[in-house]
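All remarks here apply to the structure that follows.
Computation of the quantities below employed the complete heavy-atom set of this structure, encompassing side-chain atoms and omitting hydrogens, waters and symmetry-equivalent molecules.
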Amino acid sequence: MQTPTDTPVLNLAAELRLPTNALDYTILAIYFVVVLGIGFAARRSVKTSLDFFLSGRSLPAWITGLAFISANLAATEILGMAANSAQYGAYTVHWYWIGAIPAMVFLGLVMMPFYYGSKVRSVPEMLLLRFDKWAHLLSSALFAFAAILIAGVNLYALAIVVEALLGWPQWVAIVVAGAFVLGYITLGGLSSAIYNEVLQFFVILAALIPLVVLGLKKVGGWGGLTDKLTATHGENFTTAWGGTGIGSDNPLGANWLTIVLGLGFVLSFGYWTTNFAEVQRALSAKNLSAAQRTPLIAAFPKIFIVFLVMIPGLTAAALIPGFGTADSGYQYNDAIPYLMEQLLPNGVLGIAVTGLLAAFMAGMAANVSSFNTVFTNDIWARYVVRGREDGYYVRFGRLITVIGVAASVGTAFLASSFSNIMSYLQTLFSFFNVPMFVVFIVGMFWKRASAKSGFWGLLAGTVAAMVNYFWIYKQGIVDIPSDQGANFVSAIVGFVSGAVVMVVVSLFTAPKPAAELQGLVYGTRSPGMQEPPAAGDDAWYRRPALLGWGAIVLAAACYIPFSF
């Protein structure tokens, strides 16, 4: 049975060509002009490498919070999660309420004091401080490689959608989108990317909200939607936990245990706490309090965004009998394009197309901006050309941005050789983010973890996840019902393997001196770590703990209507 990750993005239905007119293209042109205008405006603030790579650590929490969520809200997620919903129904909520919110809260409350207090410029640099240069170099290389692959996937998926909806040749869409992302990041560095991501967040909402409203109106409201889906897909289709008992058979190919451990813990925490494309936004905040609040502020819209991607998928499944099957003429990935073509008038259609382009560009820009930071600071300045003046690294950062975008264009065309882009994208997270997370979490909470254990744990976790996916799953050694289930299992295998190897290596090698672990292990404090806000600066919206627990409680409460 196909899963959403098995559904190729590259073959949207031919009849989905949108009836765009001059008004729609005018809206799109205005958006591109504004994007470049933000890049030119941000250029004036770039005077040092810290300005270029981390916005001078000067941005307020609400800006970094919206950029944090926008960087994640790539169009591959929008189309993929709508496809998820069209096939699996309400199971999609797990990717948000258990697969995102707890990890975002953990990042804000527990990990950001270490990241921000140690004044590192990247996530891999934390491994240099906690472990050694080999763990640092391996993590930097793996992240840089993965960032370019993921940016290329976003760019190629954009080209496919634009070709299907607007009729542009793929190479035109790839070159145009790549050129605009290159333009505003090269001009204004991370500040340009972040301010554009804030704009893109609102454009994406403006694209999705009309689809939800008009789609619900078309099917008779939420009650009409659930009645139709229950009649055609069964009662579990509109529940979150129905059919997920251990030993139960469900199309997701996962039970509650693999959902909680594989998605809710390993994959989720691996992505949200160590993915520098996200963490970089928090590191650009103006102080520790703002850095901690960045993922917590982002958590609140994340709770509700699931409705904006899930309801269109459910609506498409309700409107077209057998949606996603060969008989219907549509694939699951066609859910949002189908509703755009059927429901949106010109003008609103232009906003929706702009929203999709904005989402793809946000995802690509997040990966390119994090790539140029890691490659410049963690590879080039650390191991290749050391000790040069600050202006040199700003110039090199701009150069490597050009190279990174060019490489993304290359990997975008490379992605065309894969029949399964969404699976390819999600599998990368289990390979690269999960092993990084286990190294962080063991090193952060266990003082005895030795310097050498970081490298070997990272290597073992990455290799184990790949072996599980490509050999044990793909070769049928163990029967796993779907790619989604295989990703959950690969994540668990990678996490356990990395942790075991770290423990074994640490028992046979010397730990780092206690003096070198200050501010790097839980329970210790570094001299650079800032003090809590002074009295009078403790309004509820400035309290990270209150924001964090509020997000968790709200996400848990959202499960109630979908649990019965």
Side-chain angles (χ1 to χ4, degrees), residues 1-19 78-95 160-161 164-165 207-244 248-254 306-345 349 352 356 419-420 422-423 481-484 561-562 564:
M1 177 178 292
Q2 276 195 324
T3 70
T5 56
D6 294 323
T7 308
V9 175
L10 59 158
N11 289 316
L12 294 178
E15 59 268 28
L16 290 178
R17 187 65 51 81
L18 299 179
I78 293 173
L79 295 180
M81 287 304 172
N84 216 28
S85 306
Q87 185 170 9
Y88 296 152
Y91 287 138
T92 302
V93 300
H94 297 310
W95 271 263
I160 298 305
V161 171
L165 300 185
L208 293 177
I209 290 173
L211 284 180
V212 172
V213 174
L214 295 176
L216 284 176
K217 182 179 179 181
K218 183 83 171 177
V219 295
W222 179 254
L225 178 62
T226 54
D227 289 344
K228 285 182 172 66
L229 292 174
T230 300
T232 57
H233 292 74
E235 61 182 12
N236 286 339
F237 200 75
T238 55
T239 67
W241 296 104
T244 61
S248 299
D249 184 25
N250 65 73
L252 188 61
V306 63
F307 296 111
L308 300 183
V309 295
M310 181 177 72
I311 291 176
L314 297 178
T315 302
L319 289 175
I320 302 293
F323 188 87
T325 64
D327 292 339
S328 71
Y330 294 98
Q331 298 184 56
Y332 295 112
N333 284 313
D334 292 334
I336 283 182
Y338 166 75
L339 294 182
M340 288 170 60
E341 190 265 341
Q342 290 288 315
L343 301 177
L344 299 184
L349 189 60
L356 276 182
S419 62
N420 199 322
M422 289 297 290
S423 176
S482 70
D483 274 1
Q484 290 284 21
F562 292 93
F564 303 99

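Checked against side chain to side chain contact (heavy atoms under 4.5 Å, CB included), Ala318 has the following partners two or more places apart in sequence or in another chain: Val219, Leu225, Lys228, Leu229. Every residue meeting the side chain to side chain contact (heavy atoms under 4.5 Å, CB included) condition with Leu214, not counting sequence neighbours, appears here in chain and number order: Leu343, Leu344. Lys217 is linked by a side chain to side chain contact (heavy atoms under 4.5 Å, CB included) to nothing, counting only residues two or more places apart in sequence or in another chain.
Residues Phe307 and Val212 are not in side-chain contact: their nearest non-hydrogen atoms beyond the backbone lie 4.5 Å or more apart.
A donor and an acceptor atom, one from each side chain of Thr226 and Thr238, are nowhere located under 3.5 Å apart.
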Going through the distances and angles, do Asn84 and Tyr91 end up as a side-chain contact (heavy atoms from CB on, under 4.5 Å)? CA-CA 8 Å; Asn84 216 28; Tyr91 287 138; 6.0 Å; no
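To the nearest 0.5 Å, atom CZ of residue Phe237 and atom OG1 of residue Thr230 are 9.5 Å apart. The structure places OH of Tyr338 at 10.0 Å from OG1 of Thr315, a figure rounded to the nearest 0.5 Å. For the atom pair Asp334 CG and Glu341 CD, the distance stands at 10.5 Å (nearest 0.5 Å). With rounding to the nearest 0.5 Å, the separation of NE2 in His233 from CZ in Phe323 is 10.0 Å. The CG atom of Leu319 sits 7.0 Å away from atom NZ of Lys218, with the distance rounded to the nearest 0.5 Å. To the nearest 0.5 Å, atoms CG (Leu314) and CD1 (Ile311) are separated by 7.0 Å.
The two residues Pro312 and Ala335 make their nearest non-hydrogen contact at O-CB, 4.3 Å. The minimum heavy-atom distance between Ala207 and Ala352, with the atom names listed, is CB-CA, 3.5 Å. Scanning both residues, Met340 and Leu211, for their nearest heavy atoms gives N-CD2, 3.7 Å. Smallest separation of non-hydrogen atoms from Ser85 and Gly313: CB-CA, 4.1 Å.
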